[in-house]
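Just below is one structure, and these are the notes that go with it.
Numbers restart at 1 for each chain; the letters A, B, ... are given by sequence-line order, proteins then strands.
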Protein chains: 2
Amino acid sequence: MVTIYDVAERAAVSPATVSRVLNGKSVKAELAARVLEAADTLAYVPNRTARTLRRRHSEVIALIIPDVENPLFTALARGVEDVAREAGYSLVLCNSDDDLAKEREYLDIAISGDMAGVIIVPAAGESNVDLLLAKGRAVVAVDRPVAHGNVDTVVFDNARAGHDATTVLWEAGYRRIACITGPNDVRPAVDRAMGWQAAMLGFDSTFPAVTYLRHGDFRTRGGQEMMLDLLQMDEPPDAVVAANNLIGVGAINAMAQAGTLPPTTGIAVVGGLPYALPFGHPIPVVHLPTRHIGMSAARILLDRLSGSQSPVSTVVLRGELTPPTPA
Amino acid sequence: MVTIYDVAERAAVSPATVSRVLNGKSVKAELAARVLEAADTLAYVPNRTARTLRRRHSEVIALIIPDVENPLFTALARGVEDVAREAGYSLVLCNSDDDLAKEREYLDIAISGDMAGVIIVPAAGESNVDLLLAKGRAVVAVDRPVAHGNVDTVVFDNARAGHDATTVLWEAGYRRIACITGPNDVRPAVDRAMGWQAAMLGFDSTFPAVTYLRHGDFRTRGGQEMMLDLLQMDEPPDAVVAANNLIGVGAINAMAQAGTLPPTTGIAVVGGLPYALPFGHPIPVVHLPTRHIGMSAARILLDRLSGSQSPVSTVVLRGELTPPTPA
DNA sequence: TTGTACGCGTTATCAG
DNA sequence: CTGATAACGCGTACAA
């Protein structure tokens, strides 16, 4: 391995000077040139591990998400990455599987690996980022707030999204509108359902909301199972609000299975349907600014990393009801 | 920060002993107990950076993929992750955007960050992993071979997949079957197209293959544009083989746009359509074992990491034609 | 401005 | 089986 000493020797300067050149401290032009040339010919690459040990922190930020296979989170990751790498940070993507134990593992890695900061979509339940905070590391929660956390947060306006999705169905003439959402220890799931409930009670104060609310997981399977369940009711709903993209896919598949596709049974989805194939009937979607939420979180984190002491903030991003699905 | 010295002091042993206990070397039971207790009450977490600097390598594996938003690669990532973490390694997911410069950056990070090994889907063009190999680091190529590389490789049987997709369309009665594939410096794109061409010429030796072959990017946009292009021909194809999932989605959307959906114009897709909504007409798919390819690559890497000197190998995994798309 | 020398936290070597 | 000590590669006081 070629070290800073090798470069120093070849350039006939001290290791300290090499270090200074590489870090943009003031060095006489001629020496700097010698150093750069030596570094170049030796193909010297600074050892990040040593640098990190010395500096006490690396230029890496961790992004912890519950599911790499959910397009919402990969889009979010893109947003984070674009902003982060622009600022010279690289990204470590960690998959918590919505599991607190795995999440803790990754948090430990972030700590013991001296990572600069962490952007986290907290796993279902009570995420604990106190150790990070205690070490003075920057933390930003995204998509979901962290339970007892005193951390910057970026979320969607989930209640509104649920409300909007419900409204569009109501206006299309549906009256018994159910809701399939995620686990009730996942905040966006709860909030979107609350938006739906508020909308329904607003339209019809006698609507038996609890009867038409289902909690599944935030995956296609959950959407499918819950939809089948709803369709088997004595008085099945005539439409459904799917609280996320994958639930939407699952629900529509269940509808196909039961032979009651839109517009027979209506559906509106919160969160864009990824890679949607053209579908017989247009499906209203409350499009969430997924990439944007990541960029926003990244900017806040970078701000903290550069020493900002502004008070802890929460940013709420609004979704947008898209005209019935285009190509 | 609580260090190994703090633990040693509290347990009244030497730092060396603490290290030994934590790394499972033989230590007298009583001392070990004291150490563990001390570490526990002090909430000691070993510093990975220092450990890595000393050991000259970390327990981290880098996975470099061209597109986090392509479900094929996220599924692959899952496969890698499952196997890796089982063996005590954590995964760093890196997004190259199919860009050689970004890829090189991540390769540099892998080197300078002392990562244990790299699993890479080489970017389009000529990836260069020589520096890694020169440093004796383990490297496994997956999905695509690395240009001049002498590295273990795991790929799909792409030619066969292309062939199978074509055959199923031919057997369904289509005769002028086009092919939309990826960039011609991406191996799987080329191989799948070759499979298609071989199949068509086998069925009809006068088939003007070049006329009906299109190269787009491996994304929905490419599929859509190329499909529209095909449909505008004087003698448009009556069916098309989409060489990957996203191209398939794009092509079908183009068909919808042009009002000639299956079965009017036929389509078969190589690679599973993610989150597919139920579609009027069943779409034949050559399902690729995406997760499996990742697991296989990870196992090979782990094998190398544990010192295996077996000759460089290439594993070819076969896809499977699924009966027209289920739920 | 430049060089010398030390320390970041850990593991490995070498005596005992 | 245990302890003292020397690295790992870098950045930075401190001295020149």
Side-chain angles (χ1 to χ4, degrees), chain A residues 1-36 38-39 42-60 88 108-116 135-137, chain B residues 1-36 38-39 42-60 88 108-116 135-137:
Chain A
M1 159 163 288
V2 34
T3 78
I4 205 171
Y5 285 90
D6 302 321
V7 178
E9 189 174 4
R10 191 169 213 285
V13 298
S14 77
T17 298
V18 176
S19 172
R20 285 192 265 260
V21 171
L22 269 44
N23 291 287
K25 316 277 185 184
S26 59
V27 170
K28 195 158 65 178
E30 191 215 328
L31 288 192
R34 288 219 309 266
V35 168
L36 290 175
L42 292 178
Y44 167 71
V45 181
N47 181 305
R48 290 176 192 245
T49 306
R51 167 180 294 178
T52 298
L53 181 59
R54 182 61 228 245
R55 286 197 184 150
R56 318 295 306 263
H57 70 271
S58 68
E59 315 297 317
V60 173
D108 284 347
I109 290 180
I111 292 179
S112 63
D114 295 314
M115 299 193 188
K135 301 254 177 202
R137 299 284 180 61
Chain B
M1 160 164 286
V2 34
T3 78
I4 205 171
Y5 282 89
D6 301 321
V7 178
E9 188 174 6
R10 191 170 213 287
V13 296
S14 77
T17 298
V18 176
S19 174
R20 284 192 268 259
V21 171
L22 269 44
N23 290 288
K25 317 277 185 184
S26 59
V27 171
K28 195 157 67 177
E30 192 215 328
L31 289 193
R34 288 219 309 266
V35 167
L36 291 175
L42 292 178
Y44 168 71
V45 181
N47 181 306
R48 289 176 193 244
T49 305
R51 167 180 295 177
T52 298
L53 180 60
R54 181 61 229 234
R55 286 198 182 150
R56 318 294 306 266
H57 70 270
S58 69
E59 317 297 316
V60 174
D108 284 348
I109 290 179
I111 292 178
S112 63
D114 296 313
M115 299 195 189
K135 301 255 178 200
R137 299 285 181 57

For atom CG of A:Asp114 and atom C1' of D:dG11, their distance in whole Å: 15 Å
Side chain of A:Thr17 - closest among C:dG3, D:dT2, C:dC8: C:dG3
Nearest-angstrom distance from the residue atom OH of B:Tyr44 to C1' of C:dG9: 7 Å
Out of D:dG9, D:dC1, D:dC10, whichever nucleotide has its closest atom nearest the side chain of B:Leu53: D:dG9
Nearest-angstrom distance from the residue atom CD1 of A:Ile4 to C1' of D:dG11: 8 Å
Euclidean distance, atom CE of residue A:Met1 to atom C1' of D:dA7 [Å, nearest integer]: 15 Å
Length of the CD-C1' vector between B:Glu59 and C:dT11, whole Å: 13 Å
A:Leu22 CG to D:dG11 P, straight-line distance once rounded to whole Å: 8 Å
Flag side-chain contact, heavy atom, 4.5 Å: A:Ile4 against A:Tyr44: yes
Partner set under side chain to side chain contact (heavy atoms under 4.5 Å, CB included) for B:Leu53, not counting sequence neighbours: A:Thr49, A:Ala50, A:Leu53
Nearest listed nucleotide, side chain of A:Ser26, among C:dT10, C:dT1, D:dC10: C:dT1
Interatomic distance where CZ belongs to B:Arg51 and C1' belongs to C:dC8 [whole Å]: 16 Å
Between the first and last five pairs of the helix from C:dT1-D:dA16 to C:dG16-D:dC1, the angle of the axes, rounded to 10 degrees: 40°
Nearest-nucleotide comparison on DNA chain D, the residue closer to the 5′ end among A:Arg48 and B:Val13: B:Val13
Beyond-backbone contact of B:Val45 with A:Ile111, side-chain heavy atoms, under 4.5 angstrom: no
Atom pair NE2/NZ of A:His57 and A:Lys135 - distance to nearest 0.5 Å: 15.5 Å
Among C:dC8, D:dG9, D:dT2, the nucleotide that comes nearest once only the side chain of A:Arg56 is considered: C:dC8
Within-4.5 Å side-chain heavy-atom neighbours: A:Leu36 and A:Val21: yes
Could you pull out the protein-nucleic contacts involving nucleotides 12-16 of chain C (nitrogen or oxygen on both sides, under 3.5 Å)?
residue, atom, partner, partner atom, Å
C:dA12, O4', B:Arg54, NH2, 3.1

Contact under 4.0 Å: B:Thr3 side-chain N or O vs C:dG9 OP1/OP2: no
Heavy-atom side-chain contact between A:Thr3 and A:Asn47 under 4.5 Å: no
For A:Asp6, all residues meeting salt bridge (Lys or Arg N to Asp or Glu O under 4.0 Å), sequence neighbours excluded: none
Within residues 28-36 of chain B, residues whose heavy atoms come under 4.0 Å of DNA chain C: none
A:Arg48: partners by side chain to side chain donor-acceptor pair (under 3.5 Å), with sequence neighbours left out: B:Ser112
Inter- and intrachain pairs under salt bridge (charged side-chain N to carboxylate O under 4.0 Å, His left out), touching residues 18-33 of chain A, at least two apart: A:Glu30-A:Arg34
Contacts of type side chain to side chain donor-acceptor pair (under 3.5 Å), residue B:Thr17, not counting sequence neighbours: B:Ser14
Partners meeting salt bridge (Lys or Arg N to Asp or Glu O under 4.0 Å) with A:Arg137 (sequence neighbours left out): A:Asp114
Qualifying residues under salt bridge (Lys or Arg N to Asp or Glu O under 4.0 Å), relative to A:Arg55, sequence neighbours excluded: A:Glu59
Whole-Å distance separating the NE2 atom of B:His57 from the C1' atom of D:dG9: 17 Å
